[in-house]
Each structure stands twice: as structure tokens, then as C-alpha cells.
Amino acid sequence: MKPTRAQTYYELLEVSVSASREQIQQAYARLVQLCADQELALYGLASPAHAAELRAQLTEALEFLSDDELRAEYDRSIGLPPREKPASTAPQVPFTYEAPRSSAPPPVTEQLLPSNASSSAPAAAAEVVVSVSAAPSAPRAVPEPRPEPEPRPAPEVVVAAPEPAALVVRPPPSAAPEVAEEAALAIARSS
Amino acid sequence: MRPGRAPPKKLPQRAKKVIAIGGGKGGIGKSLVSANLAQALAQRGARVVVVDLDLGGANLHTCLGIAPPAVTLSDFVSHRVNSLDAALVPTGLERLQLISGASDALDAANPKHAAKGRLMRHLRSLDADYVLLDLGAGTGFNTLDFFLAADHGLVVLLPEPTSVENAYRFIKAAFFRKLQAVVRQETAETVGRVLAGKDPELRNPWDCVARLRERDPQAATELELALSGFHPFLVLNQARTRADFDVGATVALAWKKFFGLELGTLGSIAYDEAVWQAVRARKPFLVHAPESPAAHGLWRLAENLLSLAP
């Protein structure tokens, strides 16, 4: 595994390089929750400064990958071929999102009981995947490939985009964490 | 071979898998998970031996509804019996046997290292498909060493800040203990500082690998191998809300994001009145309340454990 600083934005957000904007935002929403002040999983694990640092990195990744131009520039910088334009009417190449190899808790019914307890035990083995990685899958289905929606207006970014020359394989955080957070909130509001 | 000395006996068939159940904090249900997981595996057709390694706090026999056995782990450690087979106790449950806990601390009988090594060798040689080790609370060296010596280590935690904190403490301690055995001291100490959040520049052990690679590639490779080979599994116990059921997965994700290390999640068990009622009845809750939510959660754990790669 790479040190965090050496990871690409895609690796940081744990999404495919072909991820849609929606998938990227969903991944960001899932991961940034880890850095929330009251997150139980953070207790005793990392300092507030460490959490803030990760939050800033995730936000930066979202900022770059949510903007088509920034993303295209970034992709070039890490050697990726150009993506198909979102406005293209050609059928989208099926998205090959690599589902995290993890076990999420099975969907919990209100009664916390499967309908057939004794017979469901073998089925339970099929529906609950043993986690072999740390990344949990959210209790939602893997998104089906679907045609790219109408292109949205570019998200409003409070912070000015950095100069293209500043783009490197994993550029250092270009904005103060609090400013980058504002950018993320603005993006979320605009979408 | 020296003249006059009997040739060493061949140890019987090797146990297929040794599973250690730890967690760092007392009262989180390690023994209940150990006893019931053993029961579930046995009901699935495996031959199981569950061993109480909770030094000074042995109560696995109570969870299984057995009177304190006459021969225990203590007798083996103290050489009052020569084979662990002599300490095996039937539980009344098919294919499940118990080795009850020691009444003395392990280190009271023999030098620690020799006693542990001998015990581990004999545990691995038990004629069973699964040997489950119910470890004691805390992060003492004996506990950590048995956790690391197992094929799979399970860490039990509750969806509460204190338990989460103790789980991390246990995992970090186990990881650091492992590093001390396989990498250079300086490297282990550096990683220890990183895990404790006391290094101003390095955030996680992979940062240590990257830095080491610049000046000592061999040490970097040693560390990288050690990092990749540490993979405990979480068991979330006493989940009361839907959000609680996600805690195990979230803890694993946080551990990965902040330290770049892998934690598995074996599953979650619901908080269930049937559990304490079963304890009062001195029976595994899998037997006392087989249709309870906790029993269903435990079954999922067992199925997931059975499906782990050999």
C-alpha cells in the first residue's frame, strides 16, 4: 500500500478512474464521515489534527475530480487517457467499479431475524462476505451502469482553482483545510 | 540421540486452525463469543476444542455449563500432566471439548518463553479441526503472543468509545509486538511512535516504509512484509441500534484510512436479553435461545469463519 501522500485522488477516495461524479461524491461523503469530530471509530485512533489532515486531502480530491477540466488536467498528469465526454451520446462503457472486498453488516430487519433461521444459515454465508479489506461496503447495491445524466453545471468552487502548472501526481494540499471545506460545502450545495 | 533416552513421541494429528479471541477490555463478551462460536462450529460438523487462556479469570466452563474441571491448563503447564489431552473435558455438546483455564498464572510455573512455546506446540497438535483460544483481557505479553501465534485473531469490541479505544490499543499493541519479533528494533520503535501519533512527520507505517526505502531498502521490505501479514478480524458485540451494526466496518475503514493497515470484519452480534438469561442458565445462548437475534448473529460469524481461506 502506498503512503497516503503518494496515493492518487482516485485511490484516496477508493473509486475507479472511470467513476462518475456522483460516485465520486458518494465516496467522498462516505469517507469524510470518518473524519467527523464525533465519529465513534475515530475515538482513540487519530488526533484531531490527523483527522483534519485527512479531511482536507479528501476534500481536495473531491474538488479536483468533480470538475471536468480539473479532472482532465489531473488525469493527464498521472498518465491516464482522456475520459469520454459526459455529453457524449455514445453508450457509456460499463463502469467497472471495484467493490470493496469487505463485509458490511447484513441489512438489518426491524425484527433482527431472518425469516427462516435454520435454513438461512447456509444462505447467510452467501450474503455476508467475509471482510478481507478494511473498506466497508455501504449497505447499498453497487450502482448499475447507466447512461451518463445530462451534464450539470460546473460546481461552484469558492476557492480559485490552482494553476495547471501546480498539478503534480499528488499535489500537496493547496488550500487551508477550512477553505477547502468551504469548497466542498459549496460543491455539495450546488449539486 | 543420547543412549538411554526414549525417542520423542510423535505428536498426534495437527489441529487445522487455531483461532484466538481477544479484545483488550474485560466484560465485552470474549468468553461468550468463544463458547458460542465453538458451539456453532461444532454444530456445523467441525471437531472443536475451546481453551480458556484467561489467566486468573477462567470462566469458559461456566459459559458452557460445566463444573470446574479437575484437570486444567495449570496442570499441563506445571507438568503434572504431560499431554493436553489429559486436560480435555467433554462439554456434553457433540464434537466440542474444553480445556479449562489455569488457576495459576502461566509465568508462575516455568520461564515464560519456554512455557508458552510448549503450550502452543501442544495446542497445535490437538486432534481437532478448530482450536479456539479465549484470551484474557488486557495487553500482556502472554495474551499478545497467543493472539499472534494463532492462524486468525479475532478482536471483540462494543459500539462504545471506551471499547473502541481499547480495541485500537489492543490491535496496536499486538502489531507492535509482532514488529518487535520480525523487524529491527529501530524500525519497530519508529512505527510505534507513528501508531501513538507521536511522530511529527510520519502519519502511518507506510510512510515509514517509504522513508526507509530511501536509505535501507532491506529494512523497508522487512517492514512492508510485516505490515501486509497482520490482519485481525473484528467482532462487534452488543449492537443495539442499526448504526451500531456498522461500527465494526467503520472501525476497519478508519484503521485503513489512517494507518493503511487491514482489519477484517467477521460480523456483529445484537444486544440481546437472551444472552444474560443463558448465562444465568449456564448454557451457551446458541443452545438456550437458538432463535434469538444474538444467536443469528453468532451463526453469521461462524459461517464467515468457516469460509475463511485455510
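No hydrogens, no waters, no symmetry mates; every other heavy atom, side chains included, goes into these values. Note on naming: letters A, B, ... go to the chains in the order of the sequence lines (proteins, then strands), and numbering restarts at 1 for each one. Not measured: the values here are computed from a predicted model.
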* **Residue B:Gln277 excluded, over 12 heavy atoms near CD under 6.0 Å** => yes
* Does atom NZ of B:Lys283 have more than 12 heavy-atom neighbours, drawn from other residues, nucleotides or ligands, at distances under 6.0 Å? -> no
Rounded to the nearest 0.5 Å, how far does [atom2] of [Y] lie from [atom1] of [X]?
| X | Y | atom1 | atom2 | result |
| --- | --- | --- | --- | --- |
| A:Ser47 | B:Phe258 | OG | CZ | 8.5 Å |
| A:Gln57 | B:Arg203 | CD | CZ | 9.0 Å |
| B:Lys257 | A:Leu42 | NZ | CG | 14.0 Å |

* Interchain contact, A:Gln33 with chain B, by part (heavy-atom threshold 4.5 Å) -> neither
* For A:Glu11, is it the side chain, the backbone, both or neither that has a heavy atom under 4.5 Å from a heavy atom of chain B? -> backbone
* Asked: When you measure from the side chain of A:Tyr43 to the backbone N and O of B:Ser163, does any donor-acceptor pair fall under 3.5 Å?
  -> no
* Structure fact -> Bottom line for B:Asp207: the part with an atom under 4.5 Å from chain A's heavy atoms is both
* Intermediate values then yes/no, side-chain contact (heavy atoms from CB on, under 4.5 Å), A:Leu40 and B:Val251 -> CA-CA 8 Å; A:Leu40 176 60; B:Val251 165; over 6 Å; no
